[in-house]
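Okay, so here's the structure we're looking at.
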Amino acid sequence: MAYNTLLLETNEAGIAVLKINRPKNLNALNAEVLGELRAAFEALDSDPAVKAVVITGEGEKAFVAGADITEMAEMSPLEAKEFARKGRETLLFIGGMKKPVIAAVNGYALGGGLELALACDFIYASETAKLGLPEVTLGVIPGFGGTWMLAKRIGAARARELVYTGKVIDAQKAALWGIVNEILPAGDLVKAAVETAAKTAKAGGLAVAAAKDAIANGLETPEYETALFSVLFATGDQREGMKAFTEKRKPAFKGE
Ligand code: CAA
């Protein structure tokens, strides 16, 4: 499918690289981008040829510099509610996908941009990345899930400091605080994220999907992991994975 605001390429290993393509506006998320992101993630999740997704921003300056302020400026409370619902549901869809999604933050990830990155499984960032939730400086608060996603990721105290001040932090501080997993030179960022995505793809899909589900939904419910673990024993991938180990060969997973 062709998109107005997104670029999409999938390599032979089934790793899709999705780029938000509004570099003149620092890839700000307007209603059109949000709609296309939702459609693109739905299509990627249901495409059996796609094993994992890397999302990044076009251009050298920004991953996403936030929700589109010019579009939000004149919104009524009801319009703002609908805009936030659309953003929140798109981001929740990413968290609920069966496939890993890695954010490759190649510059500014502010407001809705950081929220989008936080909705992904984990974040790799360039050395020049700048991250923050500056919404209070605009007289609002994060609207796509930033308050609770950040608090869940790094704890309430650090989330409060970032959200109340709106301050922007660099990649080093973001890594120290547990927002970013890896920091890379800008030129290596997407390649490194694609390599990690390819490692997850080797597992054939079912086990990684179960792991994603367990971490997303089982943190408060220990038996949830047990249920997912046991269901995997009804799959060919489990038999193949363990048989391959005993036969000292690489497994040939079929995702079934
Ligand atoms: N929305 C709309 N347009 C944006 C934008 C945004 N979030 N961020 C940048 N742009 C536009 C600028 O208006 C500018 O457009 P023009 O060339 O037409 O003037 C263009 O992108 C380039 O930006 P700058 O000239 O400002 O670039 P800079 O290098 O001087 O500054 C920046 C970069 C510090 C990221 C600055 O652009 C900035 O502060 N942007 C806004 C960041 C922000 O507040 N984000 C949070 C938005 S609110 C939100 O996201 C709510 C939510 O949770 C749902």
Side-chain angles (χ1 to χ4, degrees), residues 3-7 19-38 40-41 55-95 101 103-120 123 125-154 156 158-174 179-180 186 189:
Y3 301 100
N4 270 336
T5 63
L6 305 174
L7 300 169
K19 271 190 183 177
I20 299 172
N21 185 27
R22 287 187 83 207
K24 284 196 184 120
N25 307 81
L26 304 189
N27 301 321
L29 302 174
N30 60 13
E32 184 182 19
V33 181
L34 283 178
E36 291 201 337
L37 274 177
R38 177 65 187 258
F41 277 116
I55 180 161
T56 191
E58 176 64 10
E60 283 165 16
K61 215 166 151 185
F63 173 70
V64 170
D68 192 311
I69 299 168
T70 49
E71 202 176 84
M72 283 185 298
E74 299 300 328
M75 279 181 187
S76 69
L78 269 183
E79 287 165 340
K81 188 176 181 186
E82 177 55 20
F83 183 63
R85 184 194 61 75
K86 207 169 171 183
R88 185 190 71 229
E89 287 181 356
T90 298
L91 269 49
L92 283 173
F93 182 85
I94 297 171
V101 182
V105 169
N106 55 310
Y108 289 110
L110 302 178
L114 179 55
E115 292 172 299
L116 173 61
L118 289 167
C120 299
I123 302 172
S126 69
E127 288 162 344
T128 52
K130 300 252 186 282
L131 304 91
L133 293 173
E135 283 89 343
V136 291
T137 68
L138 298 164
V140 294
I141 63 169
F144 293 167
T147 53
W148 52 267
M149 280 195 291
L150 190 62
K152 262 185 171 175
R153 181 80 62 107
I154 64 172
R158 284 176 167 170
R160 286 186 186 113
E161 186 178 335
L162 288 183
V163 174
Y164 296 177
T165 62
K167 73 178 175 187
V168 173
I169 58 173
D170 61 20
Q172 284 70 24
K173 176 120 181 178
I179 300 173
V180 160
L189 174 67

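Please read these numbers as outputs of a predicted model, since none were measured by experiment. Atoms within a ligand are numbered from 1 in the order they appear, just like the ligands themselves.
- The main-chain N or O of E71 is never found under 3.5 Å from a side-chain atom of N30 such that the two would form a donor-acceptor pair.
- The immediate protein surroundings of ligand 1, defined as residues with any heavy atom under 4.0 Å of it, consist of K24, N25, L26, A28, K61, A65, G66, A67, D68, I69, M72, Y108, L110, G111, G112, E115, P134, E135, L138, P142, G143, F144.
- By the 4.0 Å N-to-carboxylate-O rule, R85 lies close enough to E89 to be salt-bridged with it.
- Looking at heavy atoms from C-beta onward, C120 lies in side-chain contact with I55 at the 4.5 angstrom threshold.
- Checked for salt-bridge contact, E161 and R158 miss the test: no charged N lies under 4.0 Å from a carboxylate O.
- Using a 3.5 Å distance cut-off with no hydrogens or angles, the side chains of T5 and E32 do not pair a donor with an acceptor.
- Under the rule for a side-chain contact (heavy atoms from CB on, under 4.5 Å), the partners of L7 that lie at least two apart in sequence or sit in another chain are K19, N21, E58.
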